[in-house]
Amino acid sequence: MRSCVISILVLICAFFQPVRAQEPDSLVLDPLPADTIRFVPETVTRPLAMDTLLKSSFSPNPTKAVIYSAIFPGLGQIYNRKYWKLPIVYGGFMGCAYAISFNSRFYKDYSNAYLDFTDSDPNTQSYNDFVPYGYVISSSDSAWFAGVLKRKKDFYRRNRDLSYIITVGLYVICMIDAYVDAQLFDFDISPDLSLRVEPAIFERTRYNRRSFGIQCSFSF
């Protein structure tokens with residue numbers, strides 16, 4: 001009886017063994033057909049702005065900008081490609097040139113008139129150009145008229161000298177502008193510039209008591 005049971009179990013194991021051998025050990029995916037099209041999203045690139053392209057391809061040298069501006073006013077601005085500043089630069093120098101010419105001419109006329117009036121030479125009478133028509137300068141008016149000529153002479157001389165100083169100042173300002181403009185050419189100014197106002201507590205010191213107030217802060 002025992003040997004019969006063992007024989008039956010051996011037959012059952014032999015019957016199920018081929019079925020187990022046909023079961024796959026792992027999951028195998030079938031390869032995709034050759035004509036299958038896969039969609040791969042492309043990266044969309046936006047064109048760079050024109051000012052970004054210019055800044056990436058050109059970066060001025062501050063030293064060269066100062067040298068060019070010192071050689072001739074306006075060359076530093078041209079080197080920095082800030083052409084819109086040229087009318088301001090040359091307009092300022094034209095105004096200074098006109099002021100120098102205007103004040104120099106009147107200074108020369110009043111200076112000659114003052115010298116001719118005080119030299120007691122009857123042949124030098126250029127001061128008559130400043131005397132109203134039909135008016136005769138008497139001896140009692142000579143001191144007053146000499147003072148008028150001297151004040152006018154000093155007035156136009158002062159304005160002429162001031163015009164020279166303004167011209168030199170404008171020349172220096174053009175050099176400084178060219179240097180600063182070239183130095184800050186690549187400086188990124190963020191558009192997120194905000195002002196925040198909030199209450200503040202100022203702590204007590206041995207000089208001041210504790211106080212309350214408002215403080216302003218810029219964030220950029």
Side-chain angles (χ1 to χ4, degrees), residues 43-118 124 126-131 147-197 215-220:
T43 304
V44 180
T45 58
R46 299 178 61 185
L48 296 175
M50 184 58 65
D51 55 351
T52 305
L53 292 175
L54 289 176
K55 287 187 177 182
S56 61
S57 61
F58 174 73
S59 181
N61 188 345
T63 304
K64 290 184 178 180
V66 172
I67 294 174
Y68 291 155
S69 183
I71 294 174
F72 189 80
L75 287 182
Q77 284 70 26
I78 296 175
Y79 172 73
N80 293 332
R81 299 183 181 180
K82 295 302 178 68
Y83 306 108
W84 63 271
K85 294 183 179 181
L86 295 179
I88 301 175
V89 172
Y90 293 120
F93 278 103
M94 289 177 63
C96 292
Y98 175 78
I100 293 173
S101 176
F102 177 82
N103 291 287
S104 297
R105 184 175 67 253
F106 276 95
Y107 166 71
K108 183 178 179 180
D109 293 340
Y110 277 103
S111 179
N112 292 332
Y114 178 75
L115 293 176
D116 293 345
F117 185 76
T118 57
T124 56
S126 62
Y127 58 87
N128 288 327
D129 296 335
F130 301 99
V131 178
V148 171
L149 294 177
K150 186 178 185 303
R151 285 193 299 271
K152 289 291 185 178
K153 175 177 67 70
D154 295 339
F155 173 78
Y156 286 106
R157 182 183 61 184
R158 182 173 61 252
N159 290 346
R160 182 205 59 183
D161 297 342
L162 183 61
S163 299
Y164 279 118
I165 295 174
I166 293 175
T167 303
V168 174
L170 182 60
Y171 182 81
V172 175
I173 289 175
C174 289
M175 295 175 59
I176 296 175
D177 174 75
Y179 178 82
V180 174
D181 207 359
Q183 191 74 30
L184 301 179
F185 188 83
D186 297 328
F187 184 75
D188 185 16
I189 301 177
S190 174
D192 188 16
L193 179 62
S194 59
L195 170 65
R196 184 174 61 183
V197 181
Q215 67 178 2
C216 301
S217 61
F218 290 94
S219 60
F220 54 90

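These figures come from a predicted structure and were not determined experimentally.
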What distance do Tyr68 atom OH and Asn61 atom CG have between them, rounded to the nearest 0.5 Å?
9.0 Å
Nearest heavy-atom contact between Pro62 and Pro60 is CD-O, 3.6 Å
Checking Asn80 side chain against Gly76 main chain: does a donor-acceptor pair fall under 3.5 Å?
yes
Tell me every residue that passes ring pair (Phe, Tyr, Trp, His ring centres under 6.0 Å) with Phe102, counting only those two or more places apart in sequence or in another chain.
Phe106
Derivation of the side chain to side chain donor-acceptor pair (under 3.5 Å) call for Asn112 and Ser126
CA-CA 7 Å; Asn112 292 332; Ser126 62; over 6 Å; no
To the closest 0.5 Å, what do you measure between CG (Asp116) and CG (Leu149)?
10.0 Å
Could you name each residue pair satisfying salt bridge (charged side-chain N to carboxylate O under 4.0 Å, His left out) that touches residues 89-112, not counting sequence neighbours?
none
First locate atom CE of Met175, then atom CD1 of Ile71, and finally report the distance between them rounded to the nearest 0.5 Å.
10.0 Å
Restricting to non-hydrogen atoms, name the atom on Ala178 and the atom on Ala65 that form the minimum distance, rounded to 0.1 Å.
O-CB, 3.6 Å
Closest non-hydrogen atom pair between Tyr83 and Pro87, with its separation
O-CD, 3.7 Å
Exceeds 12 heavy-atom contacts within 6.0 angstrom, atom NZ of Lys82
yes
Just so I know, are the side chains of Tyr79 and Leu75 near enough to count as touching, which here means a heavy-atom distance under 4.5 Å?
no
Can you check whether Pro73's main-chain N or O pairs, donor with acceptor, with Tyr90's side chain at less than 3.5 Å?
yes
Would you list the atom pairs, donor with acceptor, under 3.5 Å between side chains in residues 153-167 and any protein atom, with sequence neighbours excluded?
{"from": "Asp154", "atom 1": "OD1", "to": "Arg157", "atom 2": "NH2", "distance (Å)": "3.4"}
{"from": "Asp154", "atom 1": "OD2", "to": "Lys150", "atom 2": "NZ", "distance (Å)": "3.1"}
{"from": "Ser163", "atom 1": "OG", "to": "Asn159", "atom 2": "O", "distance (Å)": "2.8"}
{"from": "Thr167", "atom 1": "OG1", "to": "Ser163", "atom 2": "O", "distance (Å)": "2.8"}

Distance, nearest 0.5 Å, that separates CG of Asp181 from CD1 of Ile176
13.0 Å
In Å, rounded to the nearest 0.5 Å, how long is the span from OH of Tyr179 to CG of Leu184?
9.5 Å
